[in-house]
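Below is one structure; the comments refer to it alone.
In the text below, chain A, chain B and the rest are named by the order of the sequence lines, each starting its count at 1.
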Amino acid sequence: MSLPIITTFALLFSLLASGAWVFLSLLGVGIGSLSIFKSIPVDRILSQTVWNGLSSPELVALPLFILMSELLMRSRFIDGLFRAIEPWVRRLPGGLLHTNVVGCTFFALISGSSAATTSAVGKITLKELDARGYDSQLAMGTLAGAGTLGFLIPPSIIMIIYGVLSQTSVLKLFAAGIIPGLMLALLLMVYIAFADRKRHTRSEAIDENIWKDRLVNLPALTPFIILMSGLLIALYGGFASPSEAASISVVITLCIMLWEKSLNLKALMAALIGTARTASMLGLIIASASFLSTAMGFLGLPQAISGLISSFNLSPLELVALLVVVYIILGCFLEGMSLILMTLPLVLPLITAAGYDKIWFGVFLIIVVELAQISPPVGMNLFVIQGLTGEKLGEIAKSVLPIFIIMVCFVFFLAVFPEVVTFLPSLMG
Amino acid sequence: MIVVLTKLVDCVCLIACYISGIAILAIALMQVTEIIVRNAFDYSFPFVWEFASYLHIGAVFLAAGYTLRSGGHIRVTILQRFHSKAFEIGATLVALAISTFLSMAIFKFAFKYFETGRTSGTVNDIPLAIPAFFMAFGAALLTVQLVMRLLQTITNKPFESAPHLNNDNS
Amino acid sequence: ATQWDLPLAWPADNFITKAVTEFTDDVKATTNGELDIITHPGGSLGFKGPDMFGAVRDGLVPIGDMLLSQQTGEDPRLGLASLPYLIGSLKELEKFGTFYRPLLDEIYAKNNQKILFTLPWPDQQIFTTEAIETIDDMKNVKIRTFNKSTTEVFEAVGMTPVQLPWGEVVPSLASGAIDAVATSAASAVDGSFWEFLGYIYPTRQSWNTNVVSVNLDYWNDLSKDNQQKIEALAKEFEPKVWASIDGINVSDMKKLTDHGMVAGTISDDLRAKFKELASPLREKEIKLMGPSARKVVDAFQAAN
Ligand code: NA
Ligand code: NA
C-alpha cells in the first residue's frame, strides 16, 4: 500500500516543480499512478471524471459568481462600497485593511463560493490598499483568509454538497455557519489590528470630519443594497434556488450598470473575456482534481488512511487533532470539493462513532476545506490572488501563513466548544 | 511562418474565448428567464439546468487555449530562476504530453457518445456527443496553443501575450 | 485475491448501499476471500448514477449498481418498468420482472455485462406542503421531478414540474421555490423532508428498479467454481431483498410520520384520473422503445 502513496506524492511534486500548469500536473499524477498500478482504461476514466466533475449542476453558480465580480469591477457603484466602508474602519488599528474582512463578510452573504468572494472583493480592495501604501503581504493574506468566509457564511456551495452527502439538513448547516463565520471575521480583524506595523508610515486622509465622511458616503451603498436585497428577496421569498440566485445577481448588476451608464459593449466584452479566463482556470483545476480523487479512490488511498486512523483507538479530541493534520496534508494537494467527496464516506462513520454531531462536523469540514483553499501548492484562493496580483505563489503562501495558524486554532476552539456551532441549529428543532 | 501560425491560432483561441464568455452570460439570462416565467406564469422550462451544465463545461474548455496564451493558468515557477529557457521548454513539453493525452481521451469519449447515440436520458434527451465535442475542441485548442508555445520558446519569440486584455486586465 | 471496486451513487446509510454491501460481504465469505469487492458509496469514486451502465460496459469498474430508469440514455428500453402507471404495486413489479428479465439480460449481454441481481425501490410518492384531495388542488403546484415519465404525468394533471438537481431540492423547499417533490420515502428520509413538507401521498406513478451487473471480461477471469458460487449467492439474495422492501418502506414512513408528516391517501377517483392521463404518454413511449418492449408489456398485461 505504501508504494502507490509514495509514487503518487513523488509524481505530484516532480510534475508541479516541472512548471507544467497545475491542472495538467494533477491530471498527470492521476494518469501516471493509474497506469502503473491498475489495468483499467485510464483515458476513458479521465474523460468521464473530467466530464462529471464539471457537469455537477451545483457548480454552475461558480462561473456566474465570477461573471458578477468581473462586472462589479467595471461598475462605478462598487467603488462606492469601498468609499462607504472606508471612513468607518479608517480609525481602527489596521485601517483600511479591514475593508478586506468587512467586504468579504458582506459579499459572502450573496456568494456561495470562496474563490468568487476572494476575487470580487480583491479586485476592489487590493488596488486601493496598494495605492495607499498598505503592506501588500498583509493585504493579500487577510484577503485570502477573509475570502474563505464565502463558504462559512451562507449561502454556501460546499454546505449544500456536504448536506446532500451526509444526509444532514442544509438549512441547519447554513444556520450553523453564521456564528463561526462572524467569529472568524472578528478574529481576522483583531489580527489585522495587531499585525499592521506600517500604519505610521502611511499618510491617511485627514479625518477631522469623519462623521461627515461616514454619512455622506452612505448613499453610495444604495446599488449594493439593491443588489443584496434583490438577492435575498429572490432567495428567501421562494422565487429562486440558491444557485439560480447567482444568475439573479448577474442580471441585477447588469441593470444597475446600465442605469449608472458604466456598461458599454467594450466593458461587457472585457468582462466576458475575464470571466471565461477565470472560469477556465478554476474549472480545469476542479475537473483535474476530481480525476485525481477518482484515481486515489481506485488506488485505495483513502481506505488505507482511514484504516490506519481507526487502528489508533483515539479519544474524540485526539481524533479531531489527527483529522486536522490529515486534512491539512491532503488539502495541500486537493481542491476543497474533491477533498469532501473523497474523504466523507470514510471519515463520517469515524466521527459519528466518536460522538460528534453531523452538523458540527459539517462546519469543521468547511473550515478545513477553507484551510485547503489557502494552503500551497494547490489552493484556490491563492490562485485567485495570484491571478489578481501576479505575485509569486510562494509570496502569497507566506502572507497567508499567520491566517492559516489562526484558523487551525479556531478549529480546535470549535472542537472544545461545539455549542458555538450547534447553538443556532438547535433552535430550529 | 511561425508568425502567421501564431496569428491564426491566437485568433481562433480568442474567438473561442468570446464564445465561452457569452455561454456563461447565456446561463445567467436563461436562468433568470426561467425564474420569471416560473413565478409569473407557473411554467418551468425543463432544459435550463441541463443546458447550464453543458454551457459551463463547454465554456471551461473553449477558453483554455486563450487562458494559456494570456498567462491565466496557474503554475509553480520555483525552478525558473536556474535556467529560464530550459525551464520553459521543459514545462511546455511535460504539459504538451499530458494535454495531448487529455485531448485524445476526450475525442475518443465524444466519439463513443456519437457512436452509441448516447443521450442524457432526461426529459430533454440531449445527444451527449454535442457538448462532448465542444469539450474536445477546447482541449485540442489548448494542445495546439502548447505546440505554438514550444515553437515560440525555442525561437525566442514572446510566448505569452494578451492584447485583448490591455490595461483593463486584472 | 482479486479486488473489485463497486461504485454506488447513493449515500452510505441508504438501503440500497446497505443491501449491496451485505451482498459483497457474502461474496467475500463464500469465495473464501478470493474475490474482495470494495464498495464506494456516495459517488466517492467519481461516477454518477447515469454513468454506471457505460462504466461497467467499458470496464472502468468490474461491477456496478445502477438505477435502470437513469440509464435510458444508453438504451430507452431500460426505462420500461418505470413507465407511468404500467405497474400498480410491488407485487406487480415482481411479476413484471419475470417477463422483463429476459429482455434485460439480452440488453446487458449485448453491452458486455451480466446481471447478478435486481433490487426495487419502495413506492413512489409525492411530498407536498399543502393537502391534496382533488385534481384541482394540484393546479400549479411546483413539483420537483427527476425523470421523463414522471415529469409528463405531473404536467398532464396540471402541476408545474420543475427540473432541479437533488442538491438544490432541500434549499429550494426551504425557500419555497418548489412546493412538492416526487420521490420515495427512503429519499425523503435522506433529505429530512419533514422540515419543509407536510403531506405524503402514495401516487405510485412509477416504479424503480436497480440492477447490480458485472463486466463480462472480469467475470470470465473468475474461476468456474467462484462464478457458480456467486451466481448461487445472487439467486438466493435477490428474493430476500425484494421481500425486505415493504418493511423498509414501512419503517421509513414511520420515521416521516413520527416527525409530524401526514400520510394521506389518494382517492380511487384521483388515481383513476392519473391513470387515464398517463395512458397515452405511456403508449407513446412504448412505441418509441420498439416491438421487443411491446412484447414484454403485452405478455405482462395478458397475465395480469
Ligand atoms: Na456564502
Ligand atoms: Na491547498
Side-chain angles (χ1 to χ4, degrees), chain A residues 15-25 27-28 31 42-44 46-48 50-51 54-57 59-60 63-64 66-67 73-74 123 234 239-240 243-244 246-248 250-251 269-281 283-285 287 377 383 386-388 392-394, chain B residues 17-18 20-25 27-32 34-35 38-39 49-50 52-54 56-57 59-64 66-68 70 72-80 87-88 90-92 94-95 97-99 101-102 104-106 108-110 112 132 135 164-165 168-170:
Chain A
L15 282 176
L16 283 174
S18 81
W21 288 262
V22 170
F23 75 97
L24 290 170
S25 301
L27 289 179
I31 296 168
V42 178
D43 55 345
R44 177 75 171 75
L46 169 69
S47 43
Q48 183 80 60
V50 162
W51 167 279
L54 283 176
S55 65
S56 272
L59 211 58
V60 168
L64 296 172
I66 296 168
L67 176 56
M73 178 194 132
R74 289 170 176 83
K123 269 177 181 158
F239 299 102
S243 302
E244 289 173 333
S247 288
I248 293 186
V250 167
V251 172
M269 285 323 230
L272 291 183
I273 284 272
T275 307
R277 287 176 82 232
T278 312
S280 179
M281 185 263 277
L284 287 173
I285 293 178
F383 297 159
Q386 191 180 36
L388 289 173
K392 287 215 164 58
L393 203 58
Chain B
C17 189
Y18 273 122
S20 161
I22 291 167
I24 294 170
L25 181 63
I27 298 176
L29 298 178
M30 197 171 67
Q31 284 197 336
V32 168
E34 150 81 11
I35 293 163
R38 191 174 66 216
N39 289 290
W49 273 104
E50 202 180 333
S53 305
Y54 301 148
H56 180 217
I57 300 181
V60 166
F61 273 87
L62 283 179
Y66 182 80
T67 308
L68 179 84
S70 58
H73 287 305
I74 302 299
R75 62 175 175 158
V76 180
T77 52
I78 303 172
L79 299 180
Q80 196 171 33
F87 173 81
E88 278 305 331
T92 309
V94 172
I98 299 169
S99 176
F101 187 91
L102 173 72
M104 278 166 46
I106 297 178
K108 260 173 77 180
F109 178 70
K112 179 115 198 180
M135 192 170 148
H164 292 269
L165 289 172
D168 169 292
N169 177 26
S170 42

*asked:* For a side-chain contact (heavy atoms from CB on, under 4.5 Å) check, start with the C-alpha distance between B/Y66 and A/I273, then their side-chain angles and the critical distance, and finish with the verdict.
replied: CA-CA 9 Å; B/Y66 182 80; A/I273 284 272; 3.9 Å; yes
*What heavy-atom pair brings B/F87 and A/S18 nearest, and what distance separates the two atoms?*
CE1-O, 3.6 Å
*Would you name the heavy atoms of A/A276 and B/S20 that are closest together and state the gap between them?*
CB-OG, 3.2 Å
*Let me see the working for B/F61 and A/L54 under side-chain contact (heavy atoms from CB on, under 4.5 Å), right down to the final yes or no.*
CA-CA 10 Å; B/F61 273 87; A/L54 283 176; 3.6 Å; yes
*Start with the C-alpha distance between A/L272 and B/I22, add both sets of side-chain angles, then the distance that settles side-chain contact (heavy atoms from CB on, under 4.5 Å), and finish with yes or no.*
CA-CA 7 Å; A/L272 291 183; B/I22 291 167; 3.9 Å; yes
*Where on B/L68 is there a heavy atom nearer than 4.5 Å to chain A: the side chain, the backbone, both, or neither?*
side chain
*Could you have a look at B/V94, B/T92, B/I24 and say which one has the most heavy-atom pairs with chain A under 4.5 angstrom?*
B/I24
*asked:* Taking side chain as everything from C-beta outward and backbone as N, CA, C, O, which of these in A/I31 sits under 4.5 Å from a heavy atom of chain B? Side chain, backbone, both or neither.
replied: side chain
*Starting from the C-alpha separation in whole Å, work towards a yes-or-no answer on side-chain contact (heavy atoms from CB on, under 4.5 Å) for A/V50 and B/F109.*
CA-CA 11 Å; A/V50 162; B/F109 178 70; over 6 Å; no
*Below 4.5 Å from any heavy atom of chain A, which atoms of B/A132 appear? Answer side chain, backbone, both or neither.*
both
*Is there a side-chain contact between A/V60 and B/Q31, using heavy atoms and a 4.5 Å cut-off?*
yes
*Can you tell me how far the CD1 atom of B/I35 sits from the CD1 atom of A/I248, to the nearest 0.5 Å?*
3.5 Å
*Under 4.5 Å from any heavy atom of chain B - which part of A/L284*: both
*Might you point out which heavy atoms bring B/A28 and A/V250 nearest each other, and give the distance in Å?*
CB-CG1, 3.8 Å
*Which answer fits B/E50, side chain, backbone, both or neither, if we ask what part of it has an atom under 4.5 Å from a heavy atom of chain A?*
neither
*Please state whether the side chain, the backbone, both or neither of A/L15 comes within less than 4.5 Å of a heavy atom of chain B.*
side chain
_Would you compute the distance between atom CZ of A/F23 and atom OG of B/S99 and round it to the nearest 0.5 angstrom?_
6.5 Å
*Considering only heavy atoms, which portion of B/H73 lies under 4.5 Å from any heavy atom of chain A: side chain, backbone, both, or neither?*
both
*If you count heavy-atom pairs under 4.5 Å with chain A, which of B/A59, B/A52, B/A23, B/G72 comes out on top?*
B/G72
*B/M104, CE: over 12 other non-hydrogen atoms inside 6.0 angstrom*: no
*Atom CG in A/L46, atom CZ in B/F101: separation rounded to 0.5 Å?*
6.0 Å
_If we define contacts as heavy-atom pairs under 4.5 Å, which of A/S280, A/A234, A/G283, A/A20 has the most with chain B?_
A/S280
*asked:* To check you understand the geometry: which heavy-atom pair defines the closest contact between B/I27 and A/S247, and what is its length?
replied: O-OG, 4.0 Å
